[in-house]
Protein chains: 4
Amino acid sequence: MAQKTAPDSTRRSERSRRAIYDAALALVGEVGYAKLTIEAIAARAGVGKQTIYRWWSSKGAVLLDAFLDLGEQAARAASENAGRGEIQTEITNSGDLEADLKFVMRATVDEFNDAKYDAPYRALAAEGLLNPELGEEFVEKLLEPQLQLFVKRVRQAQDAGHVLPDVDPRIALELWASPLAQRWLMRSGPLTHAYADKLVEYALYGITPRPAAS
Amino acid sequence: MAQKTAPDSTRRSERSRRAIYDAALALVGEVGYAKLTIEAIAARAGVGKQTIYRWWSSKGAVLLDAFLDLGEQAARAASENAGRGEIQTEITNSGDLEADLKFVMRATVDEFNDAKYDAPYRALAAEGLLNPELGEEFVEKLLEPQLQLFVKRVRQAQDAGHVLPDVDPRIALELWASPLAQRWLMRSGPLTHAYADKLVEYALYGITPRPAAS
Amino acid sequence: MAQKTAPDSTRRSERSRRAIYDAALALVGEVGYAKLTIEAIAARAGVGKQTIYRWWSSKGAVLLDAFLDLGEQAARAASENAGRGEIQTEITNSGDLEADLKFVMRATVDEFNDAKYDAPYRALAAEGLLNPELGEEFVEKLLEPQLQLFVKRVRQAQDAGHVLPDVDPRIALELWASPLAQRWLMRSGPLTHAYADKLVEYALYGITPRPAAS
Amino acid sequence: MAQKTAPDSTRRSERSRRAIYDAALALVGEVGYAKLTIEAIAARAGVGKQTIYRWWSSKGAVLLDAFLDLGEQAARAASENAGRGEIQTEITNSGDLEADLKFVMRATVDEFNDAKYDAPYRALAAEGLLNPELGEEFVEKLLEPQLQLFVKRVRQAQDAGHVLPDVDPRIALELWASPLAQRWLMRSGPLTHAYADKLVEYALYGITPRPAAS
DNA sequence: ATCTAACCGAGACGGTACGTCGCGTCTTCTA
DNA sequence: TAGAAGACGCGACGTACCGTCTCGGTTAGAT
């Protein structure tokens with residue numbers, strides 16, 4: 001963690017940090033992650049290169065912090081509006097698991113289709129595939145928190161007897177969450193509400209015939 | 001389509017092509033995709049850089065062809081051995097869908113854990129996330145063919161009445177295939193046979209309680 | 001001299017040779033000697049590269065032959081016109097050495113100012129400075145023949161008693177020929193008829209005061 | 001004028017500049033100007049290529065500066081030794097023009113035959129023939145200053161009545177200076193003291209018979 | 001009149017160097 | 001004294017040509 005004589009973070013320039021985040025997010029959208037360079041971020045942010053190297057170890061690390069900051073800002077804005085933002089701490093529990101999951105999944109589809117998030121999120125995912133350290137941070141700080149919302153909701157359903165008790169919620173949620181993510185990342189198929197619905201249905205009820213209800 | 005007077009492929013050096021494939025695969029394993037350079041591939045292959053640039057547009061394209069060639073060679077070797085190789089044209093249909101899927105899924109787990117395939121496959125996936133052209137080729141030539149094996153097997157099961165007739169097989173297979181791939185790529189959890197089994201079971205029978213069999 | 005199994009010159013394609021000369025001369029004028037390439041000459045001449053490498057060892061050698069050929073053609077054209085061309089076998093001997101030298105020097109000034117000859121001649125001179133082999137050929141085939149015309153004329157003047165008998169004509173001619181060439185090549189001063197005249201006068205009569213004629 | 005944001009010369013590395021000069025001069029002697037490469041200079045100097053490209057536009061420009069620096073160093077060394085170095089600010093005026101010119105001409109012959117100066121000077125001359133910008137700089141900074149020494153001495157002789165008053169010194173000096181340079185550059189004849197002497201004699205007194213002194 | 005050796009156009013090949021871009025480090029100057 | 005500015009050594013980029021090497025096709029001169 002510690003660099004060579006770690007910099008004094010109390011003296012850190014807040015103004016520079018923000019400018020770097022803004023520049024990184026803007027540039028990754030404009031030129032793509034592959035052509036994103038520290039030099040360009042520094043130039044755009046009106047910042048010396050050293051100021052970036054002092055606080056981050058790679059362009060991926062900068063972008064990850066920038067994206068996390070973006071999320072926090074969005075969350076703060078959402079909670080200020082007292083409304084229901086994209087980033088929530090809970091999945092609604094209406095008692096109808098299928099409906100609740102479909103709602104969240106449809107919202108996720110919409111989010112994935114939002115250009116603002118596409119470039120940086122995709123870049124971080126790609127970097128994470130190749131770079132285990134960043135990958136771990138990506139999973140821990142971005143991916144897993146989102147998935148844990150599903151874990152929580154599935155546990156509630158189990159308590160209510162709507163999901164089999166011996167089902168592992170952490171694995172179960174992957175049945176619908178992973179296909180959606182994969183389709184988006186790999187562009188291996190269209191991302192629609194109908195698709196999201198089907199994933200939920202198949203996962204909840206299986207694809208094999210059920211005995212007729214008595 | 002044609003670049004600046006496309007090269008004459010009939011005069012292409014087979015020897016160079018093989019050497020480039022070998023070098024690319026070896027190097028991506030040794031130094032990783034991020035540090036893989038065209039220059040190093042050329043040097044290792046004993047080839048001029050231009051010979052690479054003449055036939056491929058990027059290191060990703062080289063690696064994709066190298067990996068595809070690796071697959072073809074493995075397939076050829078497998079068919080010569082008349083045995084059961086990793087790359088097959090069909091998923092066995094024993095009549096027991098669950099067993100057949102588990103068998104393939106466990107084999108896939110083993111393959112994902114094989115270091116030989118890990119580095120290049122992961123690299124291609126990552127590159128595909130950022131580079132739509134290469135991503136499309138990756139999906140079309142590597143991913144989709146594998147998934148279509150599942151589509152075929154699910155269709156057979158539908159014909160046999162073991163899978164609900166209104167289920168879309170292309171979507172259904174994602175319930176087990178995507179989570180496995182995502183866990184591997186994102187390193188978001190352990191890849192075990194038990195995990196593979198659970199994915200198949202959840203997907204086939206759902207996670208909600210079924211009425212007691214009549 | 002002999003290459004590796006020297007090519008059979010009787011089978012040589014005259015058409016290709018001409019095309020190569022034309023291309024070389026045209027290109028040296030268009031892009032300059034530094035950017036003149038064998039590949040470009042071959043392409044412009046519609047000729048395979050090997051056809052050039054078969055008969056010449058460098059771009060300088062090609063250009064030298066091309067320029068010599070240009071001279072021969074000009075000479076042939078001049079003699080056909082039965083008139084007085086730039087390339088002559090003799091300097092006129094009118095009995096007046098000063099007048100005859102000035103005439104030739106003025107013609108040389110005009111030739112040096114002719115764009116057609118400038119680029120290739122300058123290129124050959126420059127190449128000759130660095131490449132002793134080509135330099136020797138340049139001197140022997142281009143420079144010395146021109147200078148020998150002066151030697152001949154000065155000898156005639158010596159025989160007539162117009163030049164001191166112990167003067168070395170080969171050295172004497174350099175007094176006017178070298179300054180002219182140097183000014184042109186180095187662009188170290190303007191090239192005019194007046195300048196040429198002065199060189200001849202200074203060389204013939206010296207720059208120091210002469211005793212009054214008796 | 002300014003290139004793309006001209007570099008800040010106050011922060012220039014003196015150490016690198018010297019190393020580049022040394023490397024350039026050494027290499028031009030070892031491999032010749034044609035095979036002199038920026039890459040080799042950088043490698044030999046232990047310097048990045050960019051550091052060369054930042055301050056010079058071509059290998060010729062580097063070599064010119066290196067050679068000028070060499071001259072300055074020699075001049076500085078000479079003046080420290082309080083002795084008579086090769087590079088002087090004046091041609092001695094002993095009252096005997098012929099003797100003084102011969103002295104300088106013989107020294108020049110020796111210098112031309114000094115291997116240390118041969119390669120770079122010849123290279124710069126050749127480059128100057130092809131490249132007008134560099135040629136101009138070559139003439140202005142190297143050639144002309146040397147020739148002006150002759151101009152000065154001839155003027156003194158004119159004042160003393162030893163040279164005709166209507167003679168143009170700038171032209172007169174070429175009668176002996178240019179032939180020497182040309183013989184050296186073109187290797188069109190041997191460079192000896194005797195040859196130098198004859199040039200001076202011919203130029204001073206002409207090659208035509210003088211009336212007998214009264 | 002046919003054969004056959006070569007020259008020919010074409011251009012792929014292993015290389016070298018080009019001039020540029022960006023890396024991560026280091027230094028200098030400024031607020 | 002942190003930060004902007006940017007020069008530095010370095011490494012790779014993608015391109016241009018080098019000179020060598022096949023590869024058909026044409027085109028003699030000898031059979």
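Chain A is the first sequence line, chain B the second, and so forth, proteins listed ahead of strands; every chain is numbered from 1.
- In this structure, A:Phe138 has its ring center at least 6.0 angstrom away from the ring center of A:Phe67.
- The neighbour count for C:Arg15 CZ, taken as heavy atoms of other residues, nucleotides or ligands under 6.0 Å away, does not exceed 12.
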Evaluate salt bridge (charged side-chain N to carboxylate O under 4.0 Å, His left out) for C:Asp22 paired with C:Arg44, printing each intermediate quantity in order. CA-CA 9 Å; C:Asp22 292 348; C:Arg44 170 80 70 108; over 6 Å; no
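- Within the 4.0 Å cut-off from OP1 or OP2 of F:dA4, at least one side-chain nitrogen or oxygen of A:Ser16 is found.
- Residue D:Trp55 places at least one side-chain N or O under 4.0 Å from the OP1 or OP2 atom of F:dC8.
- Donor-acceptor pairing under 3.5 Å, judged by distance alone, is absent between the side chain of D:Gln50 and the base of F:dC8.
- Residue-environment remark: CD (B:Gln73) exceeds the threshold of 12 foreign heavy atoms within 6.0 Å.
- In this structure, CD of B:Glu14 is placed 11 Å from P of E:dC13, rounded to the nearest angstrom.
- You'll find a donor-acceptor pair under 3.5 Å spanning the side chain of A:Lys49 and the base of E:dG24, going by distance alone.
- Residue D:Thr10 is classed as having no contact, given no heavy-atom separation below 4.0 Å to the nucleic acid.
- Residue A:Tyr53 contributes atom OH, which lies 17 Å from atom P of E:dT27 at whole-angstrom precision.
- Within the 4.0 angstrom heavy-atom criterion, base atoms lie near D:Arg54.
- Taking side-chain N and O atoms only, A:Thr51 has no distance below 4.0 Å to OP1 or OP2 of F:dA2.
- Projected onto DNA chain E by closest heavy-atom contact, C:Val47 and D:Leu36 fall at different nucleotides, the more 5' of which corresponds to C:Val47.
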